[in-house]
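This report concerns only the one structure given below.
Just so it is clear, the model here is predicted, and its values are computed rather than measured.
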Amino acid sequence: MINLEKFSRHYFQSLTTSELYRNLKILEIFLKEQFVNNVDFNTTLTDIVDKLNKLDHNLARLEYDSDTNRNREVWGTNYQDKGANGLEIEFVSPSDVFLIWVVTTKLV
């Protein structure tokens, strides 16, 4: 069983490039399982984002398909608080999840 607490922002920032990719894939698989095991896409998405934000990812909604039809949302590091560096997640209903780690030269 994977412990989500392991995947803090600080943890990802400490990884080498190859470790980063490996851990993003592990987290991606774990998040997909959360959607498969839960029926309500919106509740599951909110729960995941809340938990990751408690781990200092500071995610903000960057894109969504519409206010009434929430089938696809992209969440990423709040650029104003942390720069563009950090986790970005695309959620697509019912259970697709795609992760990237954004790296820029902007230092905050």
Side-chain angles (χ1 to χ4, degrees):
M1 182 81 178
I2 293 176
N3 181 1
L4 189 60
E5 304 294 318
K6 169 186 174 183
F7 297 104
S8 70
R9 179 180 181 84
H10 177 74
Y11 173 72
F12 275 107
Q13 290 173 323
S14 72
L15 299 174
T16 64
T17 301
S18 61
E19 293 170 332
L20 179 67
Y21 288 123
R22 185 169 42 83
N23 280 272
L24 283 172
K25 192 62 178 170
I26 292 168
L27 180 57
E28 184 177 275
I29 291 167
F30 173 76
L31 296 180
K32 285 181 182 184
E33 289 172 356
Q34 301 311 297
F35 284 102
V36 169
N37 295 328
N38 295 290
V39 185
D40 187 331
F41 174 78
N42 294 321
T43 301
T44 304
L45 185 152
T46 300
D47 185 49
I48 289 169
V49 169
D50 288 347
K51 287 177 180 175
L52 290 170
N53 280 340
K54 287 179 183 171
L55 299 173
D56 200 32
H57 286 287
N58 199 21
L59 300 173
R61 187 167 66 173
L62 304 177
E63 289 180 36
Y64 59 100
D65 51 359
S66 77
D67 287 329
T68 58
N69 186 24
R70 292 179 64 192
N71 290 320
R72 179 187 169 276
E73 294 193 16
V74 177
W75 288 74
T77 300
N78 185 325
Y79 291 55
Q80 293 187 2
D81 293 343
K82 303 276 186 186
N85 299 302
L87 190 61
E88 185 169 305
I89 310 170
E90 180 178 6
F91 299 97
V92 182
S93 180
S95 61
D96 281 333
V97 179
F98 307 97
L99 275 71
I100 61 172
W101 187 263
V102 177
V103 178
T104 68
T105 57
K106 179 181 178 182
L107 299 176
V108 177

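Between the CG atom of N71 and the CG atom of N42 there is a distance of 8.0 Å, given to the nearest 0.5 Å. Here OG1 of T17 is found 9.0 Å from CD of E19. Values are rounded to the nearest 0.5 Å. Interatomic distance, CZ of F12 versus NZ of K6, reported as 8.5 Å (0.5 Å rounding).
The six-membered or imidazole ring of F35 lies near that of F91, with a centre-to-centre distance under 6.0 Å.
K51 has a carboxylate O that lies under 4.0 Å from a charged side-chain N of D47, or vice versa, which qualifies the two as a salt bridge. Here K54 does not pair with E5 in a salt bridge; the nearest charged N to carboxylate O distance is not below 4.0 Å.
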Under 3.5 Å, which donor-acceptor pairs link side chains of residues 95-102 to any protein atom two or more places apart or in another chain?
none

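In this structure, D56 contributes its side chain and R9 its backbone to no donor-acceptor pair below 3.5 Å. A donor-acceptor pair under 3.5 Å is absent between the side-chain atoms of N38 and the main chain of D40, judged by distance alone.
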Test side-chain contact (heavy atoms from CB on, under 4.5 Å) applied to L87 and L24, step by step: CA-CA 9 Å; L87 190 61; L24 283 172; 3.7 Å; yes

Pair L52, W75 - check side-chain contact (heavy atoms from CB on, under 4.5 Å), show working. CA-CA 11 Å; L52 290 170; W75 288 74; over 6 Å; no

F7 and I26: CA distance, side-chain angles, deciding distance, side-chain contact (heavy atoms from CB on, under 4.5 Å) verdict: CA-CA 10 Å; F7 297 104; I26 292 168; 3.8 Å; yes

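In this structure, V49 and L59 approach most closely via the heavy-atom pair CG1-CB, 4.3 Å. Across all their heavy atoms, H57 and T77 have their closest contact at O-OG1, 3.9 Å.
In terms of hydrophobic clustering, with Ile, Leu, Val, Met, Phe, Trp and Tyr side chains grouped at heavy-atom distances under 4.5 Å, V103 and I89 are assigned to a common cluster. Note on Y11 and L4: same hydrophobic cluster, where clusters join Ile, Leu, Val, Met, Phe, Trp and Tyr whose side-chain heavy atoms are under 4.5 Å apart, directly or indirectly.
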